[in-house]
Each structure stands twice: as C-alpha cells, then as structure tokens.
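Here is the structure we will look at.
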Amino acid sequence: MRNEYVIGVKGTVAPRLPGKENPRLVTGAIEVRARELVVYNASPTPPFEMHGPEPNEELRLTYRYLDLRRPALQQVFIVRHRLAQVMRRIMTDMGFLEVETPILGRSTPEGARDFLVPSRVHAGHFYALPQSPQLYKQLLMVSGFDRYFQIARCFRDEDLRANRQPEFTQLDVEMSFVDDNDVTSMMEILVAETAREFTGLELKLPLPRLDYHDVVERFGSDRPDLRYELELKDVADIAAQTEFKVFQQSKEFGHRIRGLCAPGGGTKYSRKDLDGLTEYIGGMGARGLVWLKVEADTLTGPTAKFFPVEAQQALRQRFDAKVGDLILIVADTQAVTSLALSSLRARLAAELELYDPKAFHYSWIVRFPLFAWDGDEGRFVAEHHPFTMPLFEDLHLLDSEPAKVRAQAYDLVVNGEEAGGGTIRCHDPEIQSKIFSLLGLTPEQAQEKFGFLLGALRNGAPPHGGIALGFDRLVMLYSGLTNIRDCIAFPKTAKGTDLMTGAPGTVEPRQFRELHIGPVSTT
RNA sequence: GGGGAUGUAGCUCAAUUGGUUAGAGCACCGGCCUGUCACGCCGGAGGUUGCGGGUUCGAGCCCCGUCAUCCUCGCCA
C-alpha cells in the first residue's frame, strides 16, 4: 500500500500503548486496530508530491484534480464557499432577491469582445455569452423587482492577467429608486461585514469617497493602493528653471512633468537598480527617468547638473524630501506619466516596505468621466458602460463638451485592486438615446441593438442603479492570494487554454455543418 | 500584437569564465530493521538539459528560430 491509495478500514480506535505515541502526527496519540481492510483504488506514483514543494503551474494545471488535493488549495475553496454564503445571507437580509439570467444572450456593441455561440436553428446567427448580466438586471428593475442580486458568471474574450480569467464570477446587484450614495452606502455594509468575517478587520464606515480626477492626479491611477502615501507631484514649474533639454521639449509638446519621492530610496538603490527602474517604465512608454538622490546639501545624479541650486531647493520642498530619499521625475504625456509613476509608486512601496502587506485599505472612487476618447476609433467610448447616467450638474455639457461630463459611477478599490464598480443607469430614454448617439450609434443602430432596452425605458422604468463586486478577487484578497487561478477550481492559462481537458479543442466537421459555420483560412 | 522571465532526473533545485562520466534532496526500485508509521541503515535505477538549427576542437552555458508556462503593455463598457 502506498501514497494516494484509497482505502477503507474497519476496526477499533484505541489509544496507543504507552511509549508508542508519535507526537509528530496529529493522530499520533491514537491508532486503529483494524479488522478489515479494503483497497478501493490503487494509485501510481503521482506526477508530483502533494505534500511537498509546490510544482510548477503547468504541471499543477495539467493534473488539477491532484493539485486540488493540496491542503492550502482546499482552504481557499472553503473561503470561497463561505464568502458566497455570507453574501447570500446579507443580501437576503437586506431584502434582495436572487434571480438567474441567461447565459445565452445577444452580442451587443461596446465593451469587451464577446464569446460567441453559433445557432444551429438560425443559420448565420449567434448567441453571445454575457460579459455581465447588465441589461437583464436593468430590465428586472423595470419589471418591479426592486432589489436584485445574483452570484453570476461573466465571460470576456480578452487577454488575461494575474487577476483576470475569461470566465469569472461577480456579485451582481441592482436596485430601484436609489442614487449613487444609496448604492455605495448599502454595499459598504456588506463589504465591512465580509471584511470582519474574513480578516477580523473593523472597517470604519462610511469608506472614503475619492474623486476620480483627484486620485489620478495624486496617484496616477484610478485604483490607487492607499495603504501608503507616496503621492505624485507636478514639477513642471521647477523643471522650467532647469537647462535640461528634455524638460524644455516637453513644454512644447504639452507634456506633463511629474514625480515622486521615495523615502530611503536614495540610500537603498544602486546605479544598476536605477537603470532597472528606467527600463521598467520604458516598457510603459516612458522614454526616460530622471533620478536624483537627496544628499545633505545637494541632489546627485546624472542630470543633477542641469538643476540650479534654487531648483534643487524647490524640489526638496515640493517633496518634503529627507536626506537619503530618492526623487524620480518623468516627463511625458498625461497617460504615460500616470502609468509610469503609478507603477513605480507600487514597485517602490513594495521594495522599500512602505506598508504592512497584511493591511487592507478600502475606498470608493467616484465621479468618473462618462466618456473616454478612443484615438484608434476616432470616437468616444463609454468609460464604464453605455447605460450610465451622467451627473445631473453635468447634463448641460453633453452637447457642448462631452469629454467633461462626469458619470454617476463608483468603483470599490481595495489595496490597489478594482474590487467592484457600478453606476446609476439612464432610466430616461431620451438621455439614453443621446448617449448612444454620442458613442457613434445612429438611431437605427441604437434601435437595432438596444431597441428592447429603449422600449423598456419607455414603459415605466424606475430610476435605478447597481454594482458588481469581483467575487474571485475578494476570495483572492481574503485568502492572501496574488493569482486568480488559485481561487478558481478549474482555471484557464494566460492564453485561455485548459491544460487538463485540452479545451479549446477541435470539433467534428459534422458539428460545423450543423452550425452553418466553417474554419477560415487566415493566410 | 509588443516587452520581459523561466524551461536540467518523476518533483524541487545545483552545475566557476564554454572544458572530463551533468550533481543533491525528496520520490521511485531492491534489501535490512520490524510497534515509529513524514523513522533509521545498505544498495540501485533514473537525464535527447523543452524542440530545431548555428558558432566552436568542445555547448546545459554563446547566437538564431520555435513551443510551453508565468508576468506585463496594448486590450479588458
């Protein structure tokens, strides 16, 4: 008999003889005096040791049924189950009704790429798997189910990341006769209760509400990790005092010059480390990184010579820099400086241990822009989704300056991760139609794609709004995981394959014919 | 689609600057011990260094290509 055999033993449990106990075993004080032994199933030597070091992920996913035997993973799924139970109880106590919505739906423009399912009965027609139950839950509001929730599976055919899978789970919520503050206030009660249950942490409510424009300016990201400060500062005025060519050019290009100051970074980082940081943000489009070490009476670094004494003094003041700190400056577009500096911010905070990795910081980010400009398509796209209600005070800007219109939208951010997001929806068919047209849809297209929604809105739609919380991400957070695959029983690889089953796989020609489709040559 | 990392025994990892027969721990096989079972002792087997080219007297190590996994930019309402 060997490891991983499945056996049955009948016998008597008894204490071990004195002196025969084994303190290294949990069951070391007792033993089974066996009368009968059945081997239900033998097992070959497994491809990896389930109680040994963690094998590489390729192997784990290929033999996922063995991987899942590992106690650490079993714990994750206990957390996952408990979180679902807690959420269902809280939502039910608050008067919400769980309603299921279709998996086979209709493809809609905007948003992520859809997974499509060809129709056998209707040649050339396709279902789409839902990116979220968004429209169904709005229609449920029109139907009079004024508080809906669902632990819903969602599908998006986009490239994956450590915290992204092609199919994932959301706690999906919608309610009628509410404003943005009603939704966030209710949901943070649930959030606080799960935080207490799974981390022992008592959240102070209400959670901070932070303005989108404000956090992007201060942290370069709309989901900043606020476990630590490390704020970005605009230094364009100081840069103007320097002889540095790069800075002079950025003024011509209308670029921004922003920076941050890493406490202790000047002492900790070598020249080679700093080259590494430069390369790191180079991958994000930044063409350079100006670094200055803060010494007792001067700033040092390859570009320090371009900074006159006054500029050096001004920089120290701007960042409240101490000796041994490191000032990092990036000159580029708004988007590039934001991405580069927010990435640096996260990396430096981790490397310089500026926060307790076990800490949690929850906040709401609010007042997002309604639209984002898509340069490739030459049109506005919805920042959240096309059904979002503008802020009332910005409604008058819809015609004149759509880019300035802010949305009744809110994201829940935990430790720099987007844990959820939602909006108040357009319940007014006129505003909804206007938004469709601003997104570049003709009235005919809007009618063709969203006629059912516009129809519903004309038939007594209450004001409504909602939110979706990333269920997998919360499991990750509460299990201390950094990888979403570890909290999904049978996950996909970064390229969307299932190493265990071999999905996606080929199908029979007969299936193609039945579905009125065929392979396309891509050459 | 772009960038980066990794790929050596069943598993986890080693292998100066390119240099003899590619090593260790665990696992596996055989034996010993036989109330120590994540014990001990003795012995053994096991490698196309992901794959394909190239450079070289000589490649695990250098170069090119390719595949897989991971991270990341784009993308993800």
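A, B, ... follow the sequence lines: proteins, then strands. Residue 1 opens every chain. Both backbone and side-chain heavy atoms feed into the values below; hydrogens, waters and symmetry mates do not.
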Pair assignment for [N], Watson-Crick or G-U wobble, requiring both distances under 3.5 Å:
N     : value
B:G25 : B:C11
B:G74 : none
B:A68 : B:U6

Atom [atom1], compared across [N] and [M]: separation rounded to whole Å:
N     : M     : atom1 : value
B:G7  : B:A45 : C1'   : 25 Å
B:G50 : B:C11 : P     : 13 Å
B:G25 : B:G35 : P     : 29 Å
B:U6  : B:C61 : P     : 14 Å
B:C57 : B:G65 : P     : 24 Å
B:C41 : B:C33 : P     : 16 Å

Any side-chain N or O of A:T497 less than 4.0 Å from the OP1 or OP2 oxygen of B:A68?
->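 No, outside the criterion.
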For [X], what residues pass the side-chain contact (heavy atoms from CB on, under 4.5 Å) criterion, not counting sequence neighbours?
X      : result
A:A335 : A:T333
A:P130 : A:I103, A:F155
A:S342 : A:S221
A:D498 : A:K492, A:M500, A:T501, A:A503

State, to 0.1 Å, how close A:L328 and A:L341 come at their nearest heavy-atom pair, and which atoms those are.
->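 Closest pair (atom of A:L328, atom of A:L341, distance): O-CD2, 4.4 Å.
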Closest contact, heavy atoms only, A:R345 versus A:Y228 |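 The pair with the smallest heavy-atom distance is NH2-O, 3.0 Å.
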For every nucleotide of nucleotides 30-35 of chain B, 5' to 3': is a protein heavy atom under 4.0 Å from its base (B), only from its sugar-phosphate (S), or from neither (-)?
-> -----B
Neighbours of RNA chain B within [range], by heavy-atom distance under 4.0 Å:
range                       : result
residues 159-169 of chain A : A:D159, A:R161, A:A162, A:R164
residues 331-346 of chain A : A:L339
residues 130-142 of chain A : A:S132, A:Q134

Does a donor on one side chain and an acceptor on the other come within less than 3.5 Å for A:S107 and A:D114?
->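 There is such a pair between these side chains.
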Is the closest side-chain donor-acceptor distance between A:Q150 and A:Y136 under 3.5 Å?
->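 The answer is no; no qualifying pair exists.
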Quick one: which residue pairs count as a ring pair (Phe, Tyr, Trp, His ring centres under 6.0 Å) with a foot in residues 464-490 of chain A, not counting sequence neighbours?
->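 Residue pairs with at least one partner in residues 464-490 of chain A: A:F198-A:Y478.
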Measure [atom1]/[X] against [atom2]/[N] and give the value in whole Å, please.
X      : N     : atom1 : atom2 : result
A:M284 : B:G4  : CE    : P     : 14 Å
A:D374 : B:G74 : CG    : P     : 13 Å
A:L499 : B:A68 : CG    : P     : 11 Å

Minimum-distance nucleotide (side-chain atoms of A:E158 versus B:C76, B:C73, B:A38) =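 Closest nucleotide among those given: B:C76.
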Please list, pair by pair, any protein nitrogen or oxygen found under 3.5 Å from a nitrogen or oxygen in nucleotides 10-16 of chain B.
| from | atom 1 | to | atom 2 | distance (Å) |
| --- | --- | --- | --- | --- |
| B:G10 | O2' | A:P47 | O | 2.7 |
| B:G10 | N2 | A:E49 | OE2 | 3.2 |
| B:U12 | OP1 | A:N56 | N | 2.7 |

At under 4.0 Å between heavy atoms, what does A:R485 touch on the DNA or RNA strands: base, sugar-phosphate, or nothing?
->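 Sugar-phosphate, backbone atoms only, no base.
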Which part of the nucleic acid, if any, lies within reach of A:G28 when heavy atoms closer than 4.0 Å are counted: base, sugar-phosphate only, or nothing?
->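 Here A:G28 touches no strand at all.
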Between protein and nucleic acid, restricted to nucleotides 22-24 of chain B and to nitrogen or oxygen atoms under 3.5 Å apart, what atom pairs and distances do you find?
none

Find which nucleotide of RNA chain B each of A:T482 and A:R113 is nearest to by heavy atoms, and output the residue with the more 5' nucleotide.
->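 The 5'-side residue here is A:T482.
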Check residues 446-457 of chain A and write down every donor-acceptor pair under 3.5 Å in which the side-chain atom is one partner and the other belongs to a residue at least two apart or another chain.
| from | atom 1 | to | atom 2 | distance (Å) |
| --- | --- | --- | --- | --- |
| A:E448 | OE2 | A:R106 | NH2 | 2.9 |

